[in-house]
K.L.:
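This is the structure, below, for whatever I ask next.
Remember, it's 1-based here, ligands and their atoms both numbered in the order they're listed.
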Amino acid sequence: MIEIQGNNILLSTLKTSLLLHVNEIGKVTADYYGSRLLSLDEAPALIRKYPYNQGDSITYKDENPALCLDHMKLISSTLGKGDYFMPSLILESSKGTLFDFLFESAVALSPTILEKLPSPHGAQEELVITLLEKAMQIRLELHYQLFDDSDVIACYTKIINESEEEVTIRKAASLQLPLVNHEMEVWSTYGNWTGELNIDKKPLTFGRTVIESLCGSSSNRHNPFFLLKNKDASYTQGEVYGFNLMYSSNFEHSIEMDSFQDVRVQLGISSTGFAMKLQPHENFETPFAVMNFSFEGINGMSSDMHRFVNEHVILLPFRGKDRPIAYNNWEATGFSFNATKLRSLMKKAAKLGTELFVLDDAWFSTRNDDKHGLGDWRENTKKTGGIANLAKEAKKLGMKFGIWMEPEMVNDDTPVYRDHPDWVIKDLFHQPSRGRNQFVLNLGLKEVQDFVFQSVSDTLKSGEISYLKWDYNRNITDYDNRNGIFFYQYITGLYSVLRRLTEAFPDVLFENCASGGNRFDLGMLSFFPQSWLSDDTDSYQRTLIQEGALLGYPLSVSSNHVAAKTSNQMLRLTSLDTKFDTACFGVLGYELDLGDLNSLDIKVIQSQIQYYKEHRHILQFGTVYQDTTYFDHDEKMMEATDGKTAIVAHYNKIQKPNPKESHLQVFGLQEDALYTYTTRQESIAIQKFGNLINYTTPFHVNPNGTLISILGKYIDMKSEVDQGVASGKTFAHLGPVLSQEWSGVGYDDKVRLMSDFGGRLYTVVLKTNTEA
Ligand code: GLA
């Protein structure tokens, strides 16, 4: 709801309000952002008071000596008139560098969309505040879109050059939100290949905290999502602000606390090397930034952000739609396979119950390693037996068929590289550097956009293909940024190709990948409904990655695969069930050599898939609750629920001697209703028990010997099963007591053996009236 009354403007979503105010000198401030206000009558109580000039501050205007820009909670700021925060807008023209914008109008209108950048859809309302710099003839529009169902406000800025001069934009934040410091903490994520999305927590201190990427992608170094919270807020309670940017290239977010403990949050395109020149009567639109406030802790903020992404970012027809369980051949075969191997994997994958066969890298050209073939998308029929045939076989087996591409890249043994050396990103004087032996095509060029569009369209038409994994395996170097907008042109070029492709192939499910999560952001999610978060399929590492992702992104966008027991990335051994305990939170897949499975493994996977199919919608679209960050705790709980059923995971980092009592705490249930709970029984390898096996056998068995390894293919131990009934209130308070954990002195069906890096799943279901 937008209410404009005198100098006050109140923007309200279901549970939050943002109060804007036009002050005596025509500057616009945001004096309050938090829980929803009852009425605009509260405005005077919340607007900052300026009784006198503070010490050494600069008086903006003699008539109002108390008003200094430095102390105002400005929603847009520039240099040169006494505001010493980092400005949200830096402009230059031949007339000078001082730009001083004043309020012109505030209008509510129907929601707009951006011309070149992705926009959220389905906003209820939009407010546009227009500011004018009279002397320089520049207009500034600050757009605020309201999303009631997710309590999100999405903002962008438009700069319109109404002068007859060229104006250069050096910096243009999408959003500036002033806040007051009440002992805040910043949580953001940092990462690298196979170690993405680690949660970093730090107290907000004086000066600037900057979260940014200069990689040419949003990058795995620092994801564009971050949150600010009161230091006492936890996952389950307290005040939390969440922020994100709908952009996939270099970004710059900052949280600045000045010496008066005023805080300004900024999100936007990176200003490093940025110079957008606006000719007379041209304009520039920044990407959308989004913000949320929740007083229900991190879980509250996250579930708002999840709803926003699911409802307002993801494209139809995939919005809210269940995603298939994939089998992907990458970790099984790497670059080396033939048609026989693929067919055998496909048959086995179908028997397990997977629904989509994904042929990963190396199906084309001379691609038998990572040095060849990228950019030459002609299929290698000798190796695959033909894409169309494979797709047909998948169909016969009741599966869909998908394929991998890395359309923005080239190797130098390809016709495209030889024929168009100028399409590769490079400057005039240096030899471009390789990353994973490949170069990046300059998507800023129209010819390259057409080439990429054509390559992908041709591939999608080469058989019945319903899924495409779009990879991007290196960051950008060697760019010629003399025009100051190289990265902006690259990413808007990419967006234009993605727009064309998703319009031409609306039913193809695209999966975003960039060596895992190297370009995982709201911009890419605007076109591709799901993302391969990481190349790390180790269950422990993956739990850390998923918990980082879930802070700002929903389950439905995270594609997670169960891989071989010994992780390719960490060489850590965990059971298939432990891997499932993590991978099932999101879009499940499998990625291991199915020829290596024994009959027990097959049964284990089949039962996982059956369980997942029964609860798929909750595991992909449910409300998420977490209790702690796994990185700094030994145990962690993760839950997905629709209020009637909850799937709850317990993760255990390290086995401890004589562990304390464990409880099954569950959130988001109806307080006064009864629910049943049951452990999803897991398979535990007999080898796990080492020499203890000899306590149960009539003769000595070598725990590392052949007999145990043969028996282990047919016989396993079953985990404990806890079951019972409790009310939603009891679950939320502490929850039922679970079986005693393994303490080294006996094992039976009442002992919960979690082990190092182990896990367990619990199914909690509302009791129907007839049962009650
Ligand atoms: C990247 C992806 C992997 C796989 C390989 C293929 O590393 O993240 O999943 O597709 O490329 O080369």
Side-chain angles (χ1 to χ4, degrees), residues 191-197 215 217-221 223 248 326-337 341-342 345 356-377 379-380 383-384 401-411 413-414 434-440 455-456 459 465 467-475 509-521 524 528 530-538 541-542 545-546 549 557-564 567-570 579 583 586-593:
N192 39 46
W193 179 66
T194 65
E196 294 86 346
L197 293 157
C215 299
S217 62
S218 51
S219 97
N220 52 23
R221 309 303 206 249
N223 190 273
S248 313
Y327 171 77
N328 177 306
N329 70 306
W330 175 247
E331 284 204 18
T333 64
F335 296 97
S336 144
F337 52 80
K341 178 72 183 174
L342 292 179
L345 287 172
L356 164 72
F357 184 86
V358 179
L359 175 57
D360 210 279
D361 198 350
W363 55 267
F364 52 92
S365 182
T366 51
R367 185 84 170 163
N368 291 311
D369 55 35
D370 64 10
K371 293 189 179 61
H372 300 96
L374 286 178
D376 176 7
W377 297 105
E379 55 179 294
N380 180 347
K383 209 167 163 185
T384 61
F401 183 76
I403 205 157
W404 176 97
M405 287 185 83
E406 196 177 355
E408 296 156 80
M409 304 288 167
V410 279
N411 289 122
D413 68 335
T414 53
R434 285 167 213 268
R436 210 199 190 199
N437 305 301
Q438 65 202 43
F439 300 112
V440 191
S455 314
V456 178
T459 303
I465 298 176
Y467 160 106
L468 192 135
K469 176 175 170 187
W470 183 298
D471 215 334
Y472 170 91
N473 276 314
R474 59 157 292 179
N475 281 321
L509 172 61
F510 286 90
E511 179 160 313
N512 173 37
C513 176
S515 301
N518 200 15
R519 198 170 55 186
F520 172 57
D521 55 67
M524 295 308 288
F528 297 167
Q530 61 190 51
S531 270
W532 180 234
L533 284 191
S534 172
D535 277 353
D536 207 322
T537 47
D538 166 66
Q541 206 56 43
R542 192 80 184 190
I545 293 165
Q546 288 175 214
V557 308
S558 133
S559 148
N560 316 309
H561 294 175
V562 171
S567 153
N568 277 6
Q569 299 77 30
M570 312 304 293
K579 285 172 187 283
V587 181
L588 177 70
Y590 288 81
E591 184 159 348
L592 67 169
D593 195 333

K.L.:
Centroid-to-centroid, Phe335 to Trp363, below 6.0 Å?
P.N.:
no
K.L.:
Working to the nearest 0.5 Å, report the span between OG1 of Thr414 and NE2 of His372.
P.N.:
10.5 Å
K.L.:
Taking only Lys NZ, Arg NE, NH1 and NH2, and the carboxylate oxygens of Asp or Glu, determine whether Glu408 and Arg474 approach each other closer than 4.0 Å.
P.N.:
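No, this pair does not count.
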K.L.:
Can you list, by chain and residue number, every protein residue with a non-hydrogen atom closer than 4.0 Å to ligand 1?
P.N.:
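Shell around ligand 1 (4.0 Å, heavy atoms): Trp330, Asp360, Asp361, Trp404, Arg436, Lys469, Asp471, Asn473, Cys513, Ser515, Gly516, Trp532, Asp535.
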K.L.:
May I ask you to check whether Thr537 and Gln569 show a side-chain donor-acceptor distance below 3.5 Å?
P.N.:
yes
K.L.:
With a 4.0 Å cut-off, would you call Lys341 and Asp593 a salt bridge?
P.N.:
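Result for this pair is yes, salt bridge flagged.
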K.L.:
Can you name the nearest heavy-atom pair linking Ala563 to Lys579, along with the distance?
P.N.:
O-CD, 3.2 Å
